[in-house]
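Atoms within a ligand are numbered from 1 in the order they appear, just like the ligands themselves. Residue indices begin at 1 and follow the sequence shown. Just so it is clear, the values below take in all heavy atoms, side chains as well, and ignore hydrogens, waters and symmetry mates.
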Amino acid sequence: PLLLLLLAAAVVVSVSSAADAKSAPAPAPATVDIIGILHKAGQYAFFIRLLNQTQIANQIDNQAETSADGMTVFAATDDAFRNLPAGTLNNLSFQRQIQLLQYHICPKFYTLDELQTVSNPVRTEASGQDGQVFGLNFSADANQVNLSTGVVQVSINNAVEDNFPLAVFEVDKVLLPLEF
Ligand SMILES: *[C@@H]1O[C@H](CO)[C@@H](O)[C@H](O)[C@H]1NC(C)=O
Ligand SMILES: *[C@@H]1O[C@H](CO)[C@@H](O)[C@H](O)[C@H]1NC(C)=O
Ligand SMILES: *[C@@H]1O[C@H](CO)[C@@H](O)[C@H](O)[C@H]1NC(C)=O
Ligand SMILES: *[C@@H]1O[C@H](CO)[C@@H](O)[C@H](O)[C@H]1NC(C)=O
């Protein structure tokens with residue numbers, strides 16, 4: 001019985017290696033799950049809900065998985081949303097809400113070190129009707145990296161995720177663009 005077992009195992013091995021040889025041995029694409037990452041980190045219920053409602057979560061996952069440049073997301077905490085003046089979000093049209101979320105996303109992977117020396121303005125996924133891309137400005141000293149939208153300034157300290165293709169940094173303010 002042992003020999004039979006070994007034979008059976010050998011057959012399974014050779015069949016599966018033949019199958020492997022047929023399908024091209026492409027490197028397995030990274031699987032990105034922005035909602036899973038934020039959910040695990042906690043304190044992003046609001047941001048998650050907006051990303052999900054607008055389908056932007058899927059776009060982030062797909063783009064991070066397929067783009068050679070990767071992605072960076074500045075994730076606004078629940079406190080950040082609570083600290084917005086009452087009515088700010090509700091006053092935004094659905095289109096504006098999408099722009100607001102896109103303004104929290106850069107179509108390139110940045111580490112915290114790279115943000116210290118990046119040249120301004122940094123492109124985001126948000127743009128106006130004229131096609132003008134909304135930018136973010138970064139400044140850094142030995143101690144910290146600051147992000148400015150022209151309206152809001154936040155310090156970037158905590159990387160929630162920093163493995164290519166996706167970087168996620170915590171921001172404790174919602175990044176309202178100058179353009180609004
Ligand atoms: C995303 O939205 C769908 C329906 O629009 C809902 O079923 C799902 O639970 C939501 N997921 C999260 C993580 O909020
Ligand atoms: C929301 O819109 C109302 C009516 O236009 C306005 O009075 C209010 O100031 C707005 N609130 C914010 C936070 O923009
Ligand atoms: C970053 O922001 C903090 C707090 O607003 C400020 O004290 C610091 O000087 C800023 N640093 C840079 C490099 O902009
Ligand atoms: C970024 O800095 C440039 C040059 O200082 C300035 O013209 C632009 O308005 C700034 N943009 C933001 C979003 O702060």
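- Under the 4.5 Å side-chain heavy-atom criterion for Ile, Leu, Val, Met, Phe, Trp and Tyr, Phe164 and Val32 are members of distinct hydrophobic clusters.
- At a 4.0 Å heavy-atom cut-off, ligand 4 does not touch Asn120 at all.
- Polar contact check, Asn137 against ligand 4: a nitrogen or oxygen pair lies under 3.5 Å apart.
- The side chain to side chain contact (heavy atoms under 4.5 Å, CB included) test with Phe47 singles out one residue from Asn52, Thr77, Val73, and that residue is Val73.
- By the criterion of side-chain heavy atoms lying less than 4.5 angstrom apart, applied directly or through intervening Ile, Leu, Val, Met, Phe, Trp or Tyr residues, Ile48 is grouped together with Tyr103 in one hydrophobic cluster.
- Residue Leu178 places no heavy atom under 4.0 Å from ligand 4.
- For ligand 3, the atoms closer than 4.0 angstrom to any heavy atom of Ala140 are 13 (C).
- Applying the 4.0 Å criterion to heavy atoms of Gly150 picks out, from ligand 4, the atoms 14 (O).
- To the nearest 0.5 Å, atoms OG1 (Thr124) and CD1 (Ile105) are separated by 8.5 Å.
- The residue from Leu112, Val160, Asn158, Thr111 that alone fulfils the side chain to side chain contact (heavy atoms under 4.5 Å, CB included) condition with Phe169 is Leu112.
- A continuous path of Ile, Leu, Val, Met, Phe, Trp and Tyr side chains, each step under 4.5 Å between heavy atoms, connects Tyr110 with Leu136, placing both in one hydrophobic cluster.
- Ring-plane geometry between Phe180 and Phe134 is classed as perpendicular, the angle between the planes exceeding 60 degrees on a 0 to 90 degree scale with a lower cut at 30.
- Applying the side-chain hydrogen bond (donor to acceptor under 3.5 Å, both in side chains) rule to Arg123 yields no partners; only residues at least two apart in sequence or on another chain are considered.
- Using a 4.0 Å cut-off to heavy atoms of Gln153, the atoms of ligand 3 that qualify are 1 (C), 2 (O), 5 (O).
- Atoms of ligand 4 found under 4.0 Å from any heavy atom of Gly135 (numbered from 1 in listed order, with element): 13 (C).
- The residues lining ligand 1, counting any heavy atom closer than 4.0 Å, are Ile35, Asn52.
- With no hydrogens or angles considered, a side-chain donor-acceptor pair links Glu125 and Gln63 at under 3.5 Å.
- Considering both main-chain and side-chain atoms, Gln144 never comes within under 3.5 Å of ligand 3 through any nitrogen or oxygen pair.
- Using a 4.0 Å cut-off between heavy atoms, Asp141 contacts ligand 3 through both its backbone and its side chain.
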inquiry  = Applying side-chain contact (heavy atoms from CB on, under 4.5 Å) to Val154 and Phe74, what does each step give before you reach the verdict?
reply    = CA-CA 11 Å; Val154 284; Phe74 296 98; over 6 Å; no
